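Being a predicted model, the structure only gives us computed values, none of them experimental. We use all heavy atoms of the structure for the numbers below, so side chains are in, but hydrogens, waters and symmetry mates are not.
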Amino acid sequence: DTGVSQNPRHKITKRGQNVTFRCDPISEHNRLYWYRQTLGQGPEFLTYFQNEAQLEKSRLLSDRFSAERPKGSFSTLEIQRTEQGDSAMYLCASSTYETYQETQYFGPGTRLLVL
Amino acid sequence: SQQGEEDPQALSIQEGENATMNCSYKTSINNLQWYRQNSGRGLVHLILIRSNEREKHSGRLRVTLDTSKKSSSLLITASRAADTASYFCATDDGNAGNMLTFGGGTRLMVKP
C-alpha cells in the first residue's frame, strides 16, 4: 500500500488545450473523490465515485469538467478548453465507506497552470 | 462554497509553545476532521471527531467539538518547527457520499 498517487504532479498548458489527470487510489478503497484547491483557499469538492459509479457530479465547475472511473480502480479528471481560471491544485482522495467516520486519504495533487 | 471558517488565518509562535486554531461551521455534521498541508503538498489527515464526541486526543493534538456552537478547536502542544504548515478543518454532513467541506485554513509558523 503506497497511498494515493496522482499523475502528473505538474502540468503547464496553453489556454484552450485539453488536459487529463490520473488518480490511483489506495487499492482496497471503494470511494474516490476529486477536489480543487486554489491558492490560499481550502479544497473544494468536485465529484465522487463509489466503485465505478459517479454518484455526485453537480458540483463540477462547468461542463468542461468530466471525470471517469471505468473499472472502479483509477480515475481520470479531464478539463476541456482550459481557461486561465482553471489554474489550481487538483486533489484526489480515496476512502472506504464507513458511516459517520469516513477518513479520506489525499494524494499529493496535480498542480495545473494555464497560460 | 466553504462551510468552515478558521481563526486565526495566520499564527506565528516559538518552538515549544502551544498553538490553538479554531473552526466554525454552519450546518449539522456527521463528523469534523482536521488536516495538515505542507506548502504545495497534499493533505495529511490528523484526526476525526464524531458529532457525538466532545474531545479527542492524538499524541500532541487535542481536538474539541461543540455542536451547540458549531465550533471546533485544534490544540498542538509543545510545537516544533516541523509543525509549520497550513491546518484545515473539514466537515462531513453526510451529503454527496461523505464529501468534505473545508474552511480556508490557518497558516501556522513555528519559529525555532
Under 4.5 Å to a heavy atom of chain B? For A:Leu55 that would be neither
Applying a strict 4.5 Å limit to non-hydrogen atoms, the region of A:Gln50 in contact with chain B is neither
Using 30° and 60° as the class boundaries, would you call the ring planes of B:Tyr35 and B:Phe102 parallel, tilted or perpendicular?
tilted
Just checking, A:Arg111 and A:Tyr90: is the charged tip under 6.0 Å from the six-membered ring centre and within 45° of the axis?
no
Portion of B:Gln9 that has a non-hydrogen atom of chain A nearer than 4.5 angstrom:
neither
Name the region of A:Gln6, side chain, backbone, both or neither, that has any atom closer than 4.5 Å to a heavy atom of chain B.
neither
Do the side chains of B:Glu15 and B:Arg80 get close enough for a salt bridge, i.e. N-O under 4.0 angstrom?
no
Is the distance between the ring centroids of A:Tyr105 and A:His29 less than 6.0 Å?
yes
